[in-house]
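Letters A, B, ... are given to chains in the order of the sequence lines, protein chains preceding strands, and every chain is numbered from 1. We use all heavy atoms of the structure for the numbers below, so side chains are in, but hydrogens, waters and symmetry mates are not.
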Number of protein chains: 2
Amino acid sequence: MASRNKKDICEILCINQKKVNAVRKVMQTDGVIKKLAETFKVLGDPTRTQILYALAQDELCVCDLACLLKKTQSAVSHQLRVLRNLDLVKYRKDGKIAYYSLNDIHIRNLFAEGLEHVKNP
Amino acid sequence: MASRNKKDICEILCINQKKVNAVRKVMQTDGVIKKLAETFKVLGDPTRTQILYALAQDELCVCDLACLLKKTQSAVSHQLRVLRNLDLVKYRKDGKIAYYSLNDIHIRNLFAEGLEHVKNP
DNA sequence: TTAATATATGAACAGATATTCATACGAGGA
DNA sequence: TCCTCGTATGAATATCTGTTCATATATTAA
């Protein structure tokens with residue numbers, strides 16, 4: 001263990017340097033990877049998954065969603081903010097009521113692919 | 001606030017009961033939603049995203065991945081276990097070396113859709 | 001104005017999680 | 001056998017995150 005540095009991050013020797021170099025060339029940039037992971041992460045919470053799936057069917061207000069998902073209004077509202085911040089949903093105000101709807105054309109495709117994965121083992 | 005129960009989860013009144021009922025009919029079961037969210041969640045960590053993206057290009061061993069991602073061998077190995085447990089990757093042993101590769105046909109499509117979302121605002 | 005209702009939001013808390021460190025295991029090589 | 005190297009893994013830790021509670025804001029009705 002003596003030869004290894006405290007942090008063997010940079011010291012790690014590749015077994016197949018050529019392959020690694022080739023793969024490195026086609027890797028996405030850190031920025032893209034970060035955004036990609038961010039996108040998947042948002043979809044990776046059951047509450048948000050359900051909200052988005054519901055909104056993929058119809059425009060709904062906050063209390064409708066809360067009723068549908070059997071969650072508190074607060075919990076739903078907090079998650080809607082997350083989705084709003086990422087521009088995945090939009091909303092229109094009708095008096096006191098806020099009607100939310102999908103604002104991303106890729107969400108449905110992602111769900112379709114995801115369901116394919118879940119249902120076809 | 002007097003009329004509301006402590007937990008207003010079940011008490012919440014839907015504004016558009018009909019819509020909610022219609023959407024409820026086409027909602028996925030809790031089990032499917034849970035698995036769906038689980039799948040997205042696994043893809044929702046930058047380290048795992050990179051590992052999967054790299055393995056989508058070529059078969060690589062643990063230290064190659066560590067070298068490529070500039071992470072410790074331990075960190076990579078822990079994440080590989082997560083991916084293994086979900087059958088997203090498989091590996092073959094060649095002596096001491098463990099070569100990992102993709103084991104899920106949907107991953108590439110999910111990445112494609114995800115990248116579409118990231119790159120087309 | 002006052003009351004009620006729909007929504008938003010900050011603070012606090014509990015539970016999850018990614019990384020690090022240390023170490024164990026297993027396969028060759030000396 | 002002993003040593004080295006590639007990998008796996010448990011424990012500890014710091015950070016992140018989803019929910020709850022309390023409250024604020026805003027709109028409508030009385």
Open item on the list: Less than 2.5 angstrom apart at the SG atoms, yes or no, for B/Cys14 and A/Cys63?
Closed with: no

Open item on the list: Distance check needed: D/dG6 P versus B/Asp94 CG, whole Å only.
Closed with: 13 Å

- [ ] Can you sort out which residues in residues 77-88 of chain B have a heavy atom within less than 4.0 Å of DNA chain D? Ascending by number, please.
- [x] B/Ser77, B/His78, B/Arg81, B/Arg84

TODO: Measure the shortest side-chain to side-chain distance between B/Glu59 and A/Lys19 over non-hydrogen atoms and say whether it is less than 4.5 angstrom.
DONE: yes

Open item on the list: What contact category does B/Tyr100 fall into here, base, sugar-phosphate, or nothing, at under 4.0 angstrom with non-hydrogen atoms?
Closed with: sugar-phosphate

Task: Side chain B/Ser74 and base D/dT9 donor-acceptor under 3.5 Å - done: yes

- [ ] Could you check how far NZ of B/Lys71 sits from C1' of C/dC21, rounded to whole Å?
- [x] 16 Å

TODO: Go through residues 42-59 of chain A and report each residue with a non-hydrogen atom lying under 4.0 Å from DNA chain D, sorted by number.
DONE: A/Asp45, A/Thr47, A/Arg48

- [ ] Please determine if a side-chain N or O atom of A/Lys41 lies less than 4.0 Å away from the OP1 or OP2 oxygen of D/dT17.
- [x] yes

Open item on the list: Given the structure, check if the side chain of B/Thr72 and the base of C/dC21 hold any donor-acceptor pair shorter than 3.5 Å.
Closed with: no

Task: Spacing between A/Lys96 atom NZ and C/dA4 atom P, to the nearest angstrom - done: 12 Å

TODO: Mark yes or no for whether A/Arg108, through its side chain, and A/Ala56, through its backbone, hold a donor-acceptor pair below 3.5 Å.
DONE: yes

Task: Rounded distance (Å) that lies between atom C1' of D/dG18 and atom NZ of A/Lys70 - done: 20 Å

List, one per line, each side-chain donor-acceptor pair under 3.5 Å for residues 26-38 of chain B, sequence neighbours excluded.
{"residue": "B/Gln28", "atom": "OE1", "partner": "A/Lys119", "partner atom": "NZ", "Å": "3.1"}
{"residue": "B/Gln28", "atom": "NE2", "partner": "A/Tyr53", "partner atom": "OH", "Å": "2.7"}
{"residue": "B/Thr29", "atom": "OG1", "partner": "B/Val32", "partner atom": "N", "Å": "3.2"}

Open item on the list: Let's see if you can work this out: which of C/dA6, D/dA8, C/dA27 has an atom nearest to the side-chain heavy atoms of B/Ala98?
Closed with: D/dA8

Task: Atom-to-atom span, CG of B/Asp64 to C1' of D/dT7 - whole angstrom - done: 13 Å

- [ ] Under 4.0 Å between any heavy atoms, over every strand shown, what does A/Ala75 touch: base, sugar-phosphate, or nothing? Just pick one.
- [x] base

Open item on the list: Quiz question: going by heavy-atom distance under 3.5 Å, is there a donor-acceptor pair between the base of C/dA6 and the side chain of A/Gln73?
Closed with: no

Task: Within 6.0 angstrom of B/Tyr91 OH, more than 12 heavy atoms from elsewhere - done: no

